Amino acid sequence: MEVLVREVSRQDAREVMLLSQQLGYDISLPEINANIETLLKDDDNKVFVAEHNNNVIGWIGAALVLTIQSLPFCEIRGLVVDEKFRKNNIGKLLLEKAIKWSKEKGCKKLRVRCNVKRKDTHAFYMHLGFTEKKEQKIFEINV
């Protein structure tokens, strides 16, 4: 199976939206378009897509994270592979691209946050060399 991993483009918005919906994110096409526009202008954020037969079948987002209390690191901000194409090493290809980008940004660590309910995803990351560091709760407030 031939897969090309490349940077996201504006033309990928619809497919990125549909893949995001597979993860349970309800986001509209105009919102995805706006996010892609913003991310394409930000050197500290990157989105890569996996393409097969001219169709986007997966994506990964990564960002440089700067905090006062730790050295800079990169973090995966989302990863999804179309359910019809899972178990074909596409997630691994996307992850390798994010690792390469993280190194180019000068980071020594790549982190990922994952919903505690996604046990298969935990196994995926651990199989690829990630180690679990801690569990957290996320709180938010509308502003």
Side-chain angles (χ1 to χ4, degrees), residues 1-10 12-52 55-143:
M1 173 176 204
E2 190 172 324
V3 176
L4 168 70
V5 177
R6 60 170 174 77
E7 189 172 348
V8 72
S9 74
R10 291 163 184 85
D12 299 323
R14 184 176 187 285
E15 291 168 296
V16 168
M17 178 192 71
L18 294 172
L19 288 166
S20 300
Q21 289 172 350
Q22 287 185 21
L23 284 184
Y25 294 100
D26 185 26
I27 187 163
S28 71
L29 187 55
E31 291 167 327
I32 286 284
N33 275 314
N35 288 349
I36 288 174
E37 283 294 327
T38 300
L39 291 167
L40 286 173
K41 297 173 190 169
D42 185 347
D43 290 338
D44 290 336
N45 278 276
K46 193 63 76 171
V47 179
F48 299 103
V49 296
E51 184 179 84
H52 173 65
N55 295 307
V56 173
I57 58 171
W59 63 262
I60 190 168
L64 176 66
V65 179
L66 301 174
T67 64
I68 197 163
Q69 76 275 12
S70 64
L71 293 175
F73 62 92
C74 285
E75 184 171 77
I76 295 169
R77 294 291 172 93
L79 169 61
V80 61
V81 173
D82 188 309
E83 55 198 8
K84 296 182 296 263
F85 292 94
R86 292 182 187 156
K87 309 288 187 203
N88 285 298
N89 287 321
I90 296 161
K92 181 180 178 185
L93 288 173
L94 288 163
L95 187 58
E96 287 170 350
K97 191 74 167 179
I99 289 170
K100 182 178 183 225
W101 180 79
S102 298
K103 288 178 181 177
E104 290 168 1
K105 295 304 284 181
C107 293
K108 294 186 178 162
K109 290 186 181 183
L110 176 62
R111 294 183 181 169
V112 62
R113 298 169 196 249
C114 187
N115 192 315
V116 295
K117 298 175 186 175
R118 293 189 170 137
K119 302 295 183 194
D120 289 347
T121 307
H122 302 170
F124 165 78
Y125 286 118
M126 293 185 78
H127 175 74
L128 293 176
F130 284 77
T131 56
E132 184 177 336
K133 292 297 183 183
K134 65 180 174 179
E135 286 191 32
Q136 292 181 306
K137 292 182 185 274
I138 296 176
F139 300 88
E140 73 180 13
I141 189 170
N142 291 330
V143 294

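Just so it is clear, the model here is predicted, and its values are computed rather than measured.
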May I ask you to decide if [Y]'s main-chain N or O and [X]'s side chain share a donor-acceptor pair within less than 3.5 Å?
X	Y	result
Asn33	Leu29	yes
His52	Glu2	yes
Asn45	Asp42	no
Lys117	Cys114	no
Asn88	Ile90	no
His122	Asn115	yes

So which heavy atom on [X] is nearest to which on [Y], and how close?
X	Y	answer
Trp101	Asp44	CH2-O, 3.5 Å
Ala50	Leu94	N-CD2, 3.7 Å
Ile32	Ser20	CD1-OG, 4.4 Å
Ala13	Ile36	CA-CD1, 3.7 Å
Asp12	Ser9	OD2-N, 2.7 Å
Gly58	Leu19	N-CD1, 3.5 Å

Hydrogens and angles aside, do Thr38 and Asn35 bring a side-chain donor and acceptor to less than 3.5 Å of each other?
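Checked: Thr38/Asn35 side chains show no N/O donor-acceptor pair below 3.5 Å.
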With side chains defined as the heavy atoms from C-beta onward, is the minimum distance between [X] and [Y] less than 4.5 Å?
X	Y	answer
Val8	Trp59	no
Glu104	Ile99	no
Phe48	Leu93	no
Val65	Arg77	yes
Lys109	Cys74	no
Glu51	Val3	no
Leu110	Phe73	no
Val49	Glu7	no

Return the [atom1] to [atom2] distance between [X] and [Y], rounded to the nearest 0.5 Å.
X	Y	atom1	atom2	result
Arg10	Glu37	CZ	CD	4.0 Å
Tyr125	Arg118	OH	CZ	9.5 Å
Leu128	Met126	CG	CE	11.5 Å

Give a yes or no on this: more than 12 heavy atoms of other residues, nucleotides or ligands lie within 6.0 Å of atom CZ of Arg6.
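Atom CZ in Arg6 is packed in, count exceeds 12.
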Tell me whether Gln69 at atom CD has more than 12 heavy atoms from other residues, nucleotides or ligands lying less than 6.0 Å away.
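Yes, enclosed.
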Should Lys87 and Asp120 count as an ion pair when the cut-off is N to O under 4.0 Å?
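Looking at Asp120 together with Lys87, the answer is no, because their closest N to O distance does not fall below 4.0 Å.
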When you look at Leu18 and Arg14, which way does the side-chain contact (heavy atoms from CB on, under 4.5 Å) test go after all the steps?
CA-CA 6 Å; Leu18 294 172; Arg14 184 176 187 285; 3.1 Å; yes
Give me the one residue out of Arg86, Glu15, Met1, Glu83 that meets side chain to side chain contact (heavy atoms under 4.5 Å, CB included) with Ile57.
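Testing Ile57 for a side chain to side chain contact (heavy atoms under 4.5 Å, CB included) against Arg86, Glu15, Met1, Glu83 leaves exactly one candidate, Met1.
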side-chain contact (heavy atoms from CB on, under 4.5 Å) between Ile60 and Lys97: does it pass, once the steps are laid out?
CA-CA 9 Å; Ile60 190 168; Lys97 191 74 167 179; 5.5 Å; no
Taking it one step at a time, do Ile76 and Phe130 satisfy side-chain contact (heavy atoms from CB on, under 4.5 Å)?
CA-CA 12 Å; Ile76 295 169; Phe130 284 77; 4.2 Å; yes
